[in-house]
Amino acid sequence: MKFSKDISSFVENTVSSKLIFDGKVIHVYKDEITLPDGKPAYREYNRHVGAVCVIPLTHKGEVICVRQYRYPIADVLLEIPAGKLDYKGEDPESAARRELREETGASCDELIYLGKYLGSPAILDECIHMYLAKGLSFGETDFDDDEFIETVRIPLDDLVDMVMRGEIPDGKTQIAALRARKLLDNGMTL
């Protein structure tokens, strides 16, 4: 599909920006903007340092997932290991290796970049860098003090089936599982 290269008819320009909440994880702003047609408007959005997620794939084709409680939705979700960057500009690959080790106890020989995931770009600038980890070896987990996690091994095909049946509501897990499956379908080996 080909798109017009001229994006000027879409760009919104910032007139002023005000930080209205400065939290540990999110920073909420209210900006006055000018729409492409010159009319004024406002945008409220969250800034976030960024994050990573990893689909750890064993030599048997199993994905090491984590189950944990997610307070905003008051439910336990099945997800792939993930975590925020420690600071803006942190190398996402290093962060992915750290989160993989902390949440699963695994290290990997190979980390394949699967792209970026923007979960809710209308209100949140969080960019999640997705990776596929292969050649896993295992040691001890090192959960953060506020993390209570259970690891679960699920065959990739079963995880993809769960995604397709709507049993995995977490977007980053959905996309990473489908991309990993597509890579394997296109000839990548375990």
Side-chain angles (χ1 to χ4, degrees), residues 24-26 48-87 90-120 124 126-190:
K24 180 181 176 184
V25 176
I26 63 170
H48 187 280
V49 70
V52 296
C53 67
V54 182
I55 186 155
L57 192 61
T58 70
H59 69 282
K60 293 181 179 180
E62 296 172 320
V63 177
I64 303 169
C65 295
V66 296
R67 290 183 68 229
Q68 60 186 322
Y69 184 79
R70 292 301 192 178
Y71 183 83
I73 62 165
D75 202 1
V76 174
L77 291 184
L78 180 70
E79 307 174 37
I80 57 175
K84 70 179 188 63
L85 301 177
D86 281 346
Y87 55 90
E90 180 182 12
D91 175 49
E93 183 175 321
S94 297
R97 289 180 185 279
R98 178 187 67 241
E99 292 299 326
L100 175 64
R101 182 188 49 76
E102 286 179 0
E103 294 190 3
T104 69
S107 58
C108 64
D109 293 333
E110 189 175 4
L111 202 57
I112 300 159
Y113 190 63
L114 297 175
K116 296 177 182 179
Y117 174 75
L118 305 175
S120 190
L124 177 63
E126 179 187 37
C127 176
I128 301 176
H129 298 272
M130 301 182 300
Y131 292 90
L132 170 63
K134 294 175 44 184
L136 303 179
S137 56
F138 295 91
E140 295 296 316
T141 58
D142 185 21
F143 303 140
D144 291 340
D145 290 338
D146 63 349
E147 287 182 317
F148 298 87
I149 295 173
E150 174 188 28
T151 60
V152 181
R153 291 181 184 222
I154 300 174
L156 177 59
D157 288 337
D158 291 353
L159 184 61
V160 168
D161 288 344
M162 292 170 73
V163 167
M164 298 307 294
R165 288 192 305 264
E167 297 171 10
I168 306 290
D170 180 60
K172 68 186 179 304
T173 300
Q174 293 175 2
I175 297 301
L178 295 174
R179 286 188 181 181
R181 177 74 264 161
K182 184 71 172 173
L183 280 175
L184 289 168
D185 288 347
N186 288 341
M188 186 183 81
T189 60
L190 294 176

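Residue numbers run from 1 in the order of the sequence given.
Closest heavy-atom contact between E99 and A82: OE1-O, 3.3 Å. Summarising the geometry of L111 relative to A96, their closest heavy-atom pair is CD2-CB, 4.0 Å, with the distance given to 0.1 Å. Residues T104 and T151 share a closest heavy-atom pair of CA-CG2, 4.2 Å. Heavy-atom minimum distance, A176 versus L114: O-CD1, 4.1 Å. Closest heavy-atom contact between L156 and L184: CD2-CD1, 3.4 Å.
Interatomic distance, M164 CE to L159 CG, rounded to the nearest 0.5 Å: 12.0 Å. Separation of atoms CG (L136) and CG (L100) is listed at 6.5 Å; rounding is to 0.5 Å. Taking CG of L178 as the start and CG of L183 as the end, the distance is 11.5 Å to the nearest 0.5 Å. I128 CD1 to C53 SG: the interatomic distance, rounded to the nearest 0.5 Å, is 6.0 Å. Atom CE of M162 sits about 5.0 Å away from atom CD of E167, to the nearest 0.5 Å. Separation of atoms CG (L132) and OH (Y113) is listed at 13.5 Å; rounding is to 0.5 Å.
Figure legend: cation-pi geometry between R153 and F138, with NZ or CZ positioned under 6.0 Å from the six-membered ring centre and within 45° of its axis.
Side chain of T173 to main chain of I80: a donor-acceptor pair is present (N/O by atom type, distance under 3.5 Å, no hydrogens or angles). Judged purely by atom type and a 3.5 angstrom limit, R67 has no side-chain atom pairing as donor or acceptor with the backbone of V76. Listed for the Y131 side chain is no donor-acceptor partner under 3.5 Å among the backbone atoms of V52. At least one donor-acceptor pair closer than 3.5 Å links the side chain of E90 to the backbone N or O of D86. With hydrogens and angles disregarded, a donor-acceptor distance shorter than 3.5 Å links the side chain of Q174 to the backbone of I168.
Within 6.0 Å of the CD atom in E140, the count of heavy atoms belonging to other residues, nucleotides or ligands does not exceed 12.
Between L118 and C127 there is a side-chain heavy-atom pair separated by less than 4.5 Å. In this structure, K116 and M130 have side chains that are not in contact, with every pair of non-hydrogen atoms separated by 4.5 Å or more. C108 places a side-chain heavy atom less than 4.5 Å from the side chain of R97. Within the 4.5 Å cutoff, the side chain of R165 has no heavy atoms near those of the V163 side chain.
The pair D157-R181 meets the salt-bridge criterion, with a side-chain N (NZ, NE, NH1 or NH2) lying under 4.0 Å from an Asp/Glu carboxylate O. Ion pairing of R98 with E103 is absent here, as no side-chain N (NZ or NE/NH1/NH2) approaches a carboxylate O to less than 4.0 Å. Between K60 and E62, none of the side-chain N atoms (NZ, or NE/NH1/NH2) sits under 4.0 Å from a carboxylate O, so this pair counts as no salt bridge.
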Test side-chain contact (heavy atoms from CB on, under 4.5 Å) on F148 and Q68 and set out the steps. CA-CA 6 Å; F148 298 87; Q68 60 186 322; over 6 Å; no
As a quick check of understanding, evaluate side-chain contact (heavy atoms from CB on, under 4.5 Å) for T58 and V63, giving each step before the final call. CA-CA 6 Å; T58 70; V63 177; over 6 Å; no
Please walk me through it: do V25 and H48 pass side-chain contact (heavy atoms from CB on, under 4.5 Å)? CA-CA 7 Å; V25 176; H48 187 280; 3.7 Å; yes
Test side-chain contact (heavy atoms from CB on, under 4.5 Å) on D170 and L78; report intermediate values, then the result. CA-CA 8 Å; D170 180 60; L78 180 70; over 6 Å; no
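Under 3.5 Å, the side chains of S107 and S137 contain a donor-acceptor pair of N or O atoms.
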